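Just below is one structure, and these are the notes that go with it.
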2 protein chains.
Amino acid sequence: MGTSRVTIADVARRAGVSPTAVSFAFHNPDQLGAETAQRIMAAVRELGYAPSPFARALVSRQVGVLGVLVPQGIGAIFENPFFAAFLQGVGTACAEQDRSMLVVGSPVDGTLEDVIARAPVDGFIIVGLNEGYREIEPLRRRGVPFVIVDGDSETVSSVNVDDEGGASRAAAHLLAAGHRDVLVLTFETPYGHLDDPLHGVGGRRLRGYQQAFRDARVAWRDQWLIPSVASVEGGRQGFLTALRSGLRPTAVLAVSDAIAAGALAAAARAEFRVPEELEIIGFDDTILAELSCPPLTTVRQPIVDKGRIAAELLLDALADRGSAERIVLPTELILRGTTRAPEIRTRSRHNKHRRTDDGV
Amino acid sequence: MGTSRVTIADVARRAGVSPTAVSFAFHNPDQLGAETAQRIMAAVRELGYAPSPFARALVSRQVGVLGVLVPQGIGAIFENPFFAAFLQGVGTACAEQDRSMLVVGSPVDGTLEDVIARAPVDGFIIVGLNEGYREIEPLRRRGVPFVIVDGDSETVSSVNVDDEGGASRAAAHLLAAGHRDVLVLTFETPYGHLDDPLHGVGGRRLRGYQQAFRDARVAWRDQWLIPSVASVEGGRQGFLTALRSGLRPTAVLAVSDAIAAGALAAAARAEFRVPEELEIIGFDDTILAELSCPPLTTVRQPIVDKGRIAAELLLDALADRGSAERIVLPTELILRGTTRAPEIRTRSRHNKHRRTDDGV
DNA sequence: GGCCTTTACTAAAAGCCTTTAGACCATAAT
DNA sequence: ATTATGGTCTAAAGGCTTTTAGTAAAGGCC
């Protein structure tokens, strides 16, 4: 408060050495006589000196911080179990290198660009934005390395999962069980130029569903597609909207577990028996899927790994080792309680389906 | 990579002005002629200039980052739904001021102290550590403001909840229903000097339970107290340990929802009917409580608010307004599916209990 | 025309650290 | 005895920006 910061010069004076020596005492003790080094560290303790992270970063060009950029309100980020798992992966990789993690979301007033520009990080993990996106141009110019997650990139590393494959397997599972009246709940993307439903993970998953319909020669009907807010509440609304427009689905494909859980809740309220009268398949395999009642059949993606791998790729880029890699992680259909047991009918068939997704 | 950063001097040269003018163009455009300001901004765009956050922070003593310090492995942090909610609160307050949020956990190799020392933040929110804790001394000396959450402080602001009250109400609820064989699952705190079970939130909650036993004149038995790892798995193990040592509880008090959920799962496996044969009360009211089957009766604490308020207090401290405040938020017993409906017997009594916790 | 005020801009310092190149001294090698 | 070696330590530059104090020119006023 009142007293001004204690600087390296203060310590140097106290210990009767040059500032250089103090710096060496921290980073290069071997350069110093043992006795001197001790005297310096004693002065450090007495004065309670800690180097300014900013001055240090200014010269060493390293802060020890990895940024995670998610173009959503921070509230939305932490309500979404996907991000909890993802950040766990990123954080784990950070902790292994004694780094910490900066979470950057869309600000309430200012622009995302400003917040990015001011972020004190060594590099960024950018989630859900393609490389070409305007807001990230400044990063490139500032020379801040970044990697892309759930988005496309030609020039930097990216981590994605096989959304289309997973979605297609989910849809195929339902179609093989004979369903024709399948309600599809997709993301209603609220982000301007990302609005095109063929963009982003929502678009990919949708394409996967459609592919399965084509493969099974079942007609795709756009009226059975309901865009929903990406939350439990959104899923509930989506399902109700469907009912109100007169649809009577026997199965639901949801592009996220949250949406699926909402649909499940709404269905239970409307006295559908799940899975006997209504089968539901979600996406992601977040904690929601495991905990819902009954537990959700869903397409699992390795979320924690995704975060960890993204962080590792970024660390590679920071160390200037490794070149741009495009990782695509597998997805897997996890059968739980919102689909009927398929073993009786089509065990071999489904096993085949499930096997298409190994390898990285 | 190859090209070195473009600095303010480059822009100045390009626009034919001094670096000062460029700085003014950003922060004080009124000081400049309109035409000059435009020329400068044009040069900024052409060169793709972005000020270095570090140089800027060095002089302005502001980075726009709030740190959240949790003395646990980052993996553990993000597996815990409590922190998701808490960070949501902190993040919301950050976003409102165009700041971002740095999450600092215990590193794998290095020391917490080092990571703290290097963290580029304006201030810290410290969770679960008392003011006197060694690791935070450097912060005080470095002059980094901080607030304490779930811990005690004489000199800085703190945010806590009425853990004892909530725990006591939970225990009283069970005792009033006639339970005598109550299994108590507490935290097994793995952090050195925090190991004393009377420290930390675990200790407070334990004291609350014990108080209720005293009030109800029911003997407290230490063999019925099982320390458990703070996770679903930990709760499962804790319950099984109890069974193996021959305990046959009719009710469970768990100091967190995760532990309660684990106990619930283990109980279901062991063919206990919940709540008919076994009543369970958790703590926190995280998403786990709502989603478990049956949904968990629990002691709710306002987690998101807790985070938001902590951030706001820190922002106050940063702005040098307001003095150290001690906030204690209320807790509330939320009756759900793991306890039997109490209305029949003791409605008025329980309402009275629930009312003791309003006000901030 | 001399003095004062504005306006538009700049020089220089401050902010704090790391790193490079080199000084100085004592000891070992030739 | 002289040079090389190695161990300790320092001076000074560099990293990039903001801010304070101040200059120079233009205009207004008496």
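All chains are named by letter (A, B, ...) in the order of the sequence lines, taking the proteins before the strands, and each is independently numbered beginning at 1. Nothing here was measured: the structure is a model prediction, and the numbers come from that model.
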Positive for side-chain contact (heavy atoms from CB on, under 4.5 Å) with B:Phe124, one of B:Ile148, B:Leu66, B:Ile116
B:Ile116

Would you mind reading off the distance between A:Arg39 atom CZ and D:dT8 atom C1', rounded to a whole angstrom?
12 Å

How are the rings of B:Phe83 and B:Phe86 set relative to one another: parallel (under 30°), tilted (30 to 60°) or perpendicular (over 60°)?
perpendicular

B:Asn160 side-chain N/O to B:Ile327 backbone N/O, donor-acceptor pair under 3.5 Å
no

Is the phosphate of D:dT8, meaning OP1 or OP2, less than 4.0 Å from a side-chain N or O of A:Thr36?
no

Rounded to whole Å, please give me the gap between CD in A:Glu35 and C1' in D:dC9.
13 Å

I'd like to know if A:Asp150 pairs up with A:Lys306 as an ion pair, taking the criterion as any Lys NZ or Arg NE/NH1/NH2 lying under 4.0 Å from an Asp or Glu carboxylate oxygen.
yes

Can you find a heavy atom in the side chain of B:Asp305 that is under 4.5 Å from one in the side chain of B:Val159?
no

Can A:Arg118 and B:Ser100 be said to form a side-chain hydrogen bond (donor to acceptor under 3.5 Å, both in side chains), step by step?
CA-CA 9 Å; A:Arg118 286 178 17 202; B:Ser100 40; over 6 Å; no

What's the CZ-C1' distance between B:Arg13 and C:dT10, to the nearest Å?
16 Å

Letter by letter from the 5' end, nucleotides 13-28 of chain D scores (B base, S sugar-phosphate only, - none; protein heavy atoms under 4.0 Å) --BBBSBB--------

